[in-house]
Amino acid sequence: MNSSADTPGASGPLEATLASERERAVTVFQGIQDEAELRRVRATFLGGKGSIKDLMKQIPSVEKERRKEMGRSINALKQWVEQQFDTALAALHHARLEQALGASVDITWPGRTPATGALHPLTQVTQELVDVFSTLGFDVAEGPQVDLYEYNFDKLAFPPDHPATDMQDSFFVRTDAPKTLLRTHTSTIQVREMLSRKPPLAIVSPGAVYRRDDDVTHSPMFMQLEGLWVDKKVSFTHLRGVLDAFAQSFFGPEVGVRLRPSYFPFVEPGAEVDIACIFCKPWERNAKRTAQCRICKGSGWLEILGCGMVHPEVFEHVGYDPEQYSGFAFGLGIDRIAMLRYQITDIRLLYENDVRFLEQF
Ligand code: FA5
């Protein structure tokens, strides 16, 4: 045993306390399994109310010539206690480490998959759509979600009394001049691109749009992808060719496309586009399955977008010569495409951010 502490002769009560505290320090830390308990015991010696403080306080009562020696002995005791404590603490840490290293690990257990994020289904579909149209030669254009009323309606040849221009249908930001609103469709990009570029141009533009709609297939905020191709001698046949190529590349090579006449103020002629139902697959000629299909309601067709040849009045509004140039435009609902692809029956699921839903994609 190290006896760096002076062993005082038991010539007085102070010396007796020093000797007994020294003995106590040898045994008292042994066998303690808990670090907090070790520290509590240490404080009984070295704390503010510990025995060593007490001993210090008693020095003035010792004869003058022995005070120095007493001070040294108390300091030696202090070091001795620290030493005992450090040894006990190191032993405790060592025992804990041994225990941790000794614990057996079953390496046959399946690993825990770390939670990873993923792209939102609408982002995935948007990226795929952009990929398909990029392959067909379209650039990607972007524009603001708050835009001029003029670009959203007037330049696209909407008559002033068209129901879509009503405050009931659109979210207005400014109702005084210049009127601004949350764009109700991505067709604003047609105007912006044509005002800023000379033809020829071929662009697609995905983005969020807003309308006062809210039910299982209509959301107040939703996503559209606009397409526009302007050049000399662009014809309806080109439009048809691009739509066929897109549908077959995106939905599968068997999927047919049909166009039905429709009206949009900024195209002439205009059409609504259906694809053959990708759920009952009418091209496989299983009439019974098609008749019972709940998705296409037995028709064999699903509506996916609106399109048409750019109206000459729109060309005039953006400074293109309609005698020289022609073009086609289309606008598809990205939410609708995502709902078809993943068989989602309520559009609101796409905007609720429920991880239990989103982690399926
Ligand atoms: C338009 O918005 C036209 N701008 C499309 C267009 C562009 C036509 C270029 C011709 C030339 P429409 O209002 O039909 O058209 O909307 C297009 C698609 O957006 C719809 O087919 C539908 O899939 C989707 N859509 C419309 N309203 C909502 C809504 N509230 N929630 C989700 N999707 C919607």
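The figures here come from the full heavy-atom set of this structure, side chains too, leaving out hydrogens, waters and symmetry mates. In listed order, ligands and their atoms are each counted from 1.
By the 6.0 Å and 45° rule, Arg336 does not stack over the aromatic ring of Phe222.
With respect to atom 31 (N) of ligand 1, the closest heavy atom belonging to the protein is Ser219 N, 3.0 Å. Of the protein's non-hydrogen atoms, the one nearest atom 15 (O) of ligand 1 is Phe264 CE2, 3.5 Å. Protein heavy atom at the shortest distance from atom 16 (O) of ligand 1 is Gln224 NE2, 3.3 Å. The protein heavy atom nearest to atom 33 (N) of ligand 1 is Phe222 CD1, 3.2 Å. Nearest to atom 2 (O) of ligand 1 among the protein's heavy atoms is Arg211 NH2, 2.8 Å.
Ring centroid separation for the pair Phe133 and Phe330 comes in under the 6.0 Å cut-off. Note: Phe315 and Tyr325 fail the aromatic proximity criterion, with ring centroids not under 6.0 Å apart.
A search for side-chain hydrogen bond (donor to acceptor under 3.5 Å, both in side chains) contacts involving Arg42 returns Glu82, not counting sequence neighbours.
For residues 178-220, the ring pair (Phe, Tyr, Trp, His ring centres under 6.0 Å) pairs, not counting sequence neighbours, are Phe158-His185, His185-Phe266.
Under the 4.0 angstrom criterion, atom 20 (C) of ligand 1 counts as lacking any protein heavy-atom contact.
Between Glu37 and Arg40 there is a salt bridge, with a side-chain nitrogen of the basic residue lying less than 4.0 Å from a carboxylate oxygen of the acidic one. Here Asp139 pairs with Arg197 in a salt bridge; the nearest charged N to carboxylate O distance falls below 4.0 Å.
Residue Glu226 has no nitrogen or oxygen atom sitting less than 3.5 Å from a nitrogen or oxygen atom of ligand 1, judged on distance alone. Not one N or O of Gln190 is nearer than 3.5 Å to an N or O of ligand 1, by distance alone. Any N or O atom pair closer than 3.5 Å counts here, and Asp213 shares at least one such pair with ligand 1. Between Glu272 and ligand 1, not a single N/O pair is under 3.5 Å apart.
Ring-plane geometry between Phe29 and Phe45 is classed as tilted, the angle between the planes lying from 30 to 60 degrees on a 0 to 90 degree scale.
The side-chain heavy atoms of Asp147 and Thr180, taken from C-beta on, include no pair separated by under 4.5 Å.
A side-chain donor-acceptor contact under 3.5 Å links Thr217 and Asp215.
Here the OH-OG1 distance, from Tyr149 to Thr188, works out to 14.5 Å after rounding to the nearest 0.5 Å. We find the CG-OG distance between Leu136 and Ser249 to be 7.0 Å, quoted to the nearest 0.5 Å.
Close contacts of ligand 1 with Arg336, meaning ligand atoms under 4.0 Å from a residue heavy atom, involve 23 (O). Taking every heavy atom of Glu303 and a limit of under 4.0 angstrom, the matching atoms of ligand 1 come to 21 (O). Interface of Cys307 with ligand 1, defined as ligand atoms under 4.0 Å from a residue heavy atom, comprises 8 (C), 10 (C), 11 (C). Atoms of ligand 1 lying under 4.0 Å from at least one heavy atom of Phe266, given by number and element, are 3 (C), 4 (N), 6 (C), 7 (C), 8 (C), 9 (C), 10 (C), 11 (C). Within ligand 1, counting atoms from 1 as listed, the ones closer than 4.0 Å to a heavy atom of Ala329 are 9 (C), 11 (C). Of all atoms in ligand 1, numbered sequentially from 1 with element shown, those under 4.0 Å from a heavy atom of Ile347 are 31 (N), 32 (C). Residue Gly333 approaches ligand 1 through these ligand atoms, each under 4.0 Å from one of its heavy atoms: 18 (C), 19 (O), 23 (O), 24 (C).
Only side-chain heavy atoms of Ser187 come within less than 4.0 Å of ligand 1; its backbone N, CA, C and O stay farther off. Using a 4.0 Å cut-off between heavy atoms, Thr217 contacts ligand 1 through its backbone alone, with no side-chain atom that close.
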